[in-house]
Amino acid sequence: MNTTPSSSLHLTSATASDRPRSDQDLPQVDAIRRVRAAGERALVLGGGGSAGNAWLIGIVAGLSEAGLDVTEADLIIGTSAGSTAAAQITGAAPTQLLAQILASAPQQRTGPVGSDGGRVPGGPADHLERTRGIIGAADDAADMRRRMGAAALDMDAASDGSGQTRWRATVAARLPSQLWPQRTVLITAVDAHTGEPVVFDRDSGVDLADAVAASCASGFAYTIGDNRYIDGGYRRNENADLAAGYGRVLVLSPLGGRTRTPLDWGMHLAAQADELRARGSGVETILPDSNSLNAFGSNLMDLSTRPAAAQAGYDEGRALAEQLTEFWR
């Protein structure tokens, strides 16, 4: 959803709507309520396409190799490509995941791809233009999410529905385990019918692969049971504010903390950090440095950028580990 990321490391010091829900909906909102029993450390993994996912893996692996294991966080929040990363780093060693990316055969896109590599009808340029128009016509963030959901549902109505099965299989193949980790992991999405944010966890009654597939559904609506969902980044690209109450919050943002939406909507990372500070949290944000930005190229959705993005993230993570150690430990 964002413009080209900026680079820096910042030191700074959530929630879904309360509309009445059916019994089937309750586990989703309960995932947010359960996290209110806050712990000490939270790791937030933001959205950012295929390149962003690889960069996140690289950052976490680089930190780990330098002696800082951030996967031991009391809470991990994943959005879009970050939801895939959250499921990956809690199911396998980050260095193993990095090695797999670096060893993978060079990939070339065979067609348009969307969030974290999912197919988007019309291609990235058309998708950006379409969503830019929706953002421009919206009155506020809630209206924007409703419009995004409606557009995704309209697009799905014109399809044969086979994309859902292929997308789930693609997502499931990326996960080291199909089981939710025992630690607290939150996966964000947006209800396509209402535009309201939802959060999945291991107690939501939703398979991990389905939660991740829903969080990465950009340009189409993903079906779980009787409900349809779109990309969790339509709430916020990082959703770091869901870590309110945690003492230390580390945010990894492939998109550099920026937003395509008006700043007064409060969807950018700086606004989330302010909310966390107001509730007593300390916050560190890792954004792509210049080498990482070069590795991303002009299209974060391009699968062929993954090895370079992962390596750049690894190098950046190793370089930042010492600076972050006192904060995290």
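For the numbers below, each heavy atom of this structure counts, side chains included, while hydrogens, waters and symmetry mates do not.
Thr71 places a side-chain heavy atom less than 4.5 Å from the side chain of Pro94. Between Leu63 and Asp69, every side-chain heavy-atom pair lies at or beyond the 4.5 Å cut-off. With contacts defined as side-chain heavy-atom distances shorter than 4.5 Å, the pair Pro197/Asn239 does not qualify. Side-chain atoms of Phe296 and Thr305, non-hydrogen and from C-beta on, never get closer than 4.5 Å to each other. Inter-residue side-chain proximity for Thr90 and Ile76 is flagged as met; some heavy-atom pair is nearer than 4.5 Å. A heavy-atom distance below 4.5 Å is found between the side chains of Arg318 and Glu65. Considering only heavy atoms from C-beta on, Leu269 comes within 4.5 Å of Thr285 through its side chain. Residues Gln96 and Ile57 fail the side-chain proximity criterion, which asks for heavy atoms closer than 4.5 Å.
For the pair Arg147 and Asp143, the salt-bridge criterion is met [side-chain N within less than 4.0 Å of a carboxylate O]. The pair Asp191-Arg228 does not count as a salt bridge, with every side-chain nitrogen at least 4.0 angstrom from each carboxylate oxygen.
The salt bridge (Lys or Arg N to Asp or Glu O under 4.0 Å) search around Asp315 returns none, not counting sequence neighbours.
Residues Gly245 and Ser281 come closest through the heavy atom pair N-OG, 3.9 Å. Nearest heavy-atom pair, Leu75 versus Ile77, reported as atom, atom and distance to 0.1 Å: CD2-CD1, 3.8 Å. Closest approach of Ser83 to Val212, counting heavy atoms only: OG-CG1, 3.5 Å. Scanning all heavy atoms of the two residues, the minimum distance from Leu56 to Gly46 falls at CD1-O, 3.4 Å. Taking every heavy atom of both residues into account, Ala214 and Phe200 meet most closely at CB-CE1, 4.3 Å. Nearest heavy atom pair, residue Trp55 against residue Pro254, reads CZ3-N, 3.6 Å.
Side-chain atoms of Asp289 come within 3.5 Å of backbone atoms of Asn291 as a donor-acceptor pair (strictly under, hydrogens ignored). Looking only at distances, no side-chain donor or acceptor of Glu284 sits under 3.5 Å from a matching main-chain atom of Phe327. Panel note: side chain Ser215, backbone Ala211; no donor-acceptor pair is recorded below 3.5 Å. Formation of a donor-acceptor pair under 3.5 Å by the Gln164 side chain with backbone atoms of Thr223 is found in this model. Side chain of Ser204 to main chain of Val206: no donor-acceptor pair is present (N/O by atom type, distance under 3.5 Å, no hydrogens or angles). At distances below 3.5 Å, at least one donor-acceptor pair connects side-chain atoms of Trp167 with backbone N or O atoms of Ala213. Checked by atom type and distance alone, the side chain of Gln178 never pairs as donor or acceptor with a backbone atom of Leu208 at under 3.5 Å. Under a 3.5 Å cut-off, the side chain of Glu238 and the backbone N or O of Val251 do not form any donor-acceptor pair. With hydrogens and angles ignored, the 3.5 Å screen pairs no side-chain donor or acceptor of Glu316 with any backbone N or O of Ile59. When atom types are taken as modelled, the side chain of Arg145 and the backbone of Ala192 share no donor-acceptor pair closer than 3.5 angstrom.
Considering CG of Leu186 and CZ of Arg202, their distance stands at 10.0 Å, rounded to 0.5 Å. A distance of 13.0 Å separates SG in Cys216 from CD1 in Ile230, rounded to the nearest 0.5 Å. Rounding to the nearest 0.5 Å gives a distance of 7.5 Å between CD1 of Ile101 and OG of Ser104. Atoms OG and NE2, on Ser253 and His268 in that order, are 12.0 Å from each other to the nearest 0.5 Å. Here the CD atom belonging to Glu129 is positioned 11.0 Å from the CD1 atom belonging to Ile134, to the nearest 0.5 angstrom. Once rounded to the nearest 0.5 Å, the distance linking OG1 of Thr184 with CG of Asp74 reads 8.0 Å.
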With side-chain contact (heavy atoms from CB on, under 4.5 Å) as the test, would you mind laying out the steps for Trp180 and Ile187 before giving the verdict? CA-CA 11 Å; Trp180 282 91; Ile187 303 298; 3.7 Å; yes
With side-chain contact (heavy atoms from CB on, under 4.5 Å) as the test, would you mind laying out the steps for Gln100 and Gln88 before giving the verdict? CA-CA 12 Å; Gln100 291 171 352; Gln88 289 169 324; over 6 Å; no
Given salt bridge (charged side-chain N to carboxylate O under 4.0 Å, His left out), test Asp241 with Arg235 step by step and report yes or no. CA-CA 11 Å; Asp241 57 298; Arg235 179 186 184 270; 2.7 Å; yes
Between Leu252 and Val70, does the side-chain contact (heavy atoms from CB on, under 4.5 Å) criterion hold? Intermediate values first, please. CA-CA 11 Å; Leu252 278 56; Val70 296; 5.9 Å; no
Check step by step if side-chain contact (heavy atoms from CB on, under 4.5 Å) holds for Asp210 and Arg168. CA-CA 7 Å; Asp210 284 320; Arg168 190 190 192 282; 2.9 Å; yes
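Residues Leu153 and Met155 are members of separate hydrophobic clusters, defined by side-chain heavy-atom contacts under 4.5 angstrom among Ile, Leu, Val, Met, Phe, Trp and Tyr. Side-chain heavy atoms closer than 4.5 Å link hydrophobic residues (I, L, V, M, F, W, Y) into clusters, and following such links, possibly through other members, connects Val190 to Trp265.
A donor and an acceptor atom, one from each side chain of Thr188 and Thr79, are located under 3.5 Å apart. Side-chain polar atoms of Ser50 and Asn53 form no donor-acceptor pair below 3.5 angstrom. Looking only at atom types and distance, the side chain of Ser162 has a donor-acceptor partner in the side chain of Arg166 under 3.5 Å away.
Ring-centre distance between Phe220 and Tyr229: not below the 6.0 Å cut-off.
Listed by first and then second residue, the salt bridge (charged side-chain N to carboxylate O under 4.0 Å, His left out) pairs involving residues 245-257 are Glu40-Arg248 (not counting sequence neighbours).
Counting heavy-atom neighbours within 6.0 Å of Glu322 CD, excluding the residue itself, gives a total of 12 or less.
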